Amino acid sequence: QVQLVESGGGLVQAGGSLRLSCTASGRPFSRYTMGWFRQAPGKEREFVAAITWSGGSSYYADSVRGRFRVSRDNAENTLYLQMNSLKPEDTAVYYCAASGYHSGKDVIEVRRYDYWGQGTQVTVSS
C-alpha cells in the first residue's frame, strides 16, 4: 500500500501560480511513476502530468504543457506540480497517484494507477 496526501491547493487569480505537493508513505516511493490528474465538476478525471521513478521522463497534457512542471524528490517521498499562468479552466480537484507503469502511453491512463490521494481543490478566478 501507498498512502498519498496532497496539499497546496487554493484560490488564485488568473495568471497566478500555485505549487501542489503530494507526500507518500508506505511502499518505497521511488518504485513508482507518479502522476497528477484533475477532475472538474461534471467532468471525467483527466491526466495532467506524470514523472517516471527516476525523474528521467515526464509527460504532460497538451492543455498544461509549457505552464505546468512536474518534479519529484525521492529522498523526501514528495511529488510536486508547479502551476504557472493559471487559467479559469484549470479549476478542478487535483489528485496525485502512483503507478507501476512507465511508458508514455500507459501513464496518461487513469486505470493504470493503483493508489490515489484524496485530492486538493484548485480554483482560478477570472
Side-chain angles (χ1 to χ4, degrees):
Q1 290 286 342
V2 177
Q3 293 79 40
L4 302 171
V5 179
E6 302 96 337
S7 61
L11 174 64
V12 63
Q13 288 188 333
S17 298
L18 281 175
R19 188 176 81 156
L20 304 183
S21 300
C22 171
T23 302
S25 60
R27 289 184 175 178
F29 176 73
S30 60
R31 291 184 179 179
Y32 296 94
T33 290
M34 298 299 297
W36 287 101
F37 290 77
R38 66 188 182 186
Q39 188 166 17
K43 295 188 176 181
E44 293 186 352
R45 192 167 297 189
E46 66 174 5
F47 171 75
V48 175
I51 187 167
T52 53
W53 68 274
S54 66
S57 295
S58 56
Y59 306 92
Y60 296 92
D62 289 343
S63 59
V64 307
R65 187 175 291 112
R67 299 188 298 122
F68 291 10
R69 181 175 179 271
V70 62
S71 61
R72 66 190 295 165
D73 184 338
N74 286 344
E76 296 294 329
N77 291 340
T78 304
L79 173 74
Y80 301 99
L81 184 68
Q82 178 66 43
M83 304 186 295
N84 300 323
S85 302
L86 282 160
K87 304 175 181 181
E89 51 264 44
D90 294 319
T91 295
V93 177
Y94 282 70
Y95 299 90
C96 69
S99 171
Y101 290 85
H102 305 290
S103 72
K105 70 177 179 64
D106 286 318
V107 301
I108 65 174
E109 300 284 350
V110 170
R111 62 192 175 98
R112 294 306 191 192
Y113 288 78
D114 299 311
Y115 304 103
W116 293 83
Q118 83 290 347
T120 186
Q121 177 72 47
V122 171
T123 303
V124 184
S125 63
S126 57

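Residue numbers start at 1 and run along the sequence shown. Values below: every heavy atom of this structure, side chains too, minus hydrogens, waters and symmetry copies. All of these numbers come straight from a predicted model, not from anything done at the bench.
- Within the 4.5 Å cutoff, no side-chain heavy atoms of Glu109 are placed close to those of Asp106.
- Under the 4.5 Å side-chain heavy-atom criterion for Ile, Leu, Val, Met, Phe, Trp and Tyr, Met83 and Tyr60 are members of the same hydrophobic cluster.
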TODO: Using the side chain to side chain contact (heavy atoms under 4.5 Å, CB included) rule, take Leu86 and Gln13 through it: C-alpha gap first, then chi angles, then the decisive distance, then the call.
DONE: CA-CA 8 Å; Leu86 282 160; Gln13 288 188 333; over 6 Å; no
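- Note: the hydrophobic cluster containing Val122 also contains Met34 (ILVMFWY, side chain heavy atoms under 4.5 Å, direct or indirect links).
- Between Arg72 and Ser30, the shortest heavy-atom contact is NH2-CA, 3.9 Å.
- In this structure, CD on Gln121 lies 11.0 Å from CD on Gln39, to the nearest 0.5 angstrom.
- In this structure, Tyr32 and Gly100 approach most closely via the heavy-atom pair CD2-N, 4.2 Å.
- Between Gly119 and Val93 the shortest heavy-atom distance is CA-CG1, 3.8 Å.
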Please report, to 0.1 Å, the donor-acceptor pairs under 3.5 Å made by any side chain of residues 47-58, with sequence neighbours excluded.
residue, atom, partner, partner atom, Å
Thr52, OG1, Ser57, N, 3.1
Thr52, OG1, Ser57, O, 3.3
Ser54, OG, Gly56, N, 3.1

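- Connection of Leu20 to Leu4 is established within a shared hydrophobic cluster, with ILVMFWY side chains joined at heavy-atom distances below 4.5 Å, either directly or through further cluster members.
- At a threshold of 4.5 Å between non-hydrogen side-chain atoms, the residues Ser21 and Glu76 do not count as touching.
- Of all heavy-atom pairs spanning Gly9 and Thr120, the tightest one is N-OG1, 3.2 Å.
- A continuous path of ILVMFWY side-chain contacts below 4.5 Å connects Phe37 to Ile108, so both sit in one hydrophobic cluster.
- Counting only heavy atoms from C-beta outward, the side chains of Gln3 and Tyr115 never approach each other to under 4.5 Å.
- Across all non-hydrogen atoms, the minimal contact from Ser126 to Pro88 is CB-CG, 3.8 Å.
- Taking the six-membered ring where the residue is Trp, Phe68 and Tyr94 present tilted rings, their angle falling between 30° and 60°.
- Salt-bridge formation is not detected for the pair Asp90/Lys87: no Lys NZ or Arg NE/NH1/NH2 atom is positioned less than 4.0 Å from an Asp or Glu carboxylate oxygen.
- A side-chain donor-acceptor contact under 3.5 Å links Tyr113 to the backbone of Val107.
- No more than 12 heavy atoms of other residues, nucleotides or ligands lie within 6.0 Å of CZ in Arg31, so this atom counts as exposed by the packing criterion.
- Of the possible polar contacts, one joining the Glu6 side chain to the Gln118 backbone as a donor-acceptor pair under 3.5 Å is found.
- Within the 4.5 Å cutoff, the side chain of Trp116 has heavy atoms near those of the Arg45 side chain.
- Arg67 places a side-chain N or O within 3.5 Å of a backbone atom of Ser85 that can act as its donor or acceptor partner.
- Taking both residues in full, the closest heavy atoms of Phe29 and Ala24 are given as CD1-CB, 3.4 Å, listed atom of the first, atom of the second, then distance.
- Under the 4.5 Å side-chain heavy-atom criterion for grouping Ile, Leu, Val, Met, Phe, Trp and Tyr, Leu18 is connected to Val70 within one hydrophobic cluster.
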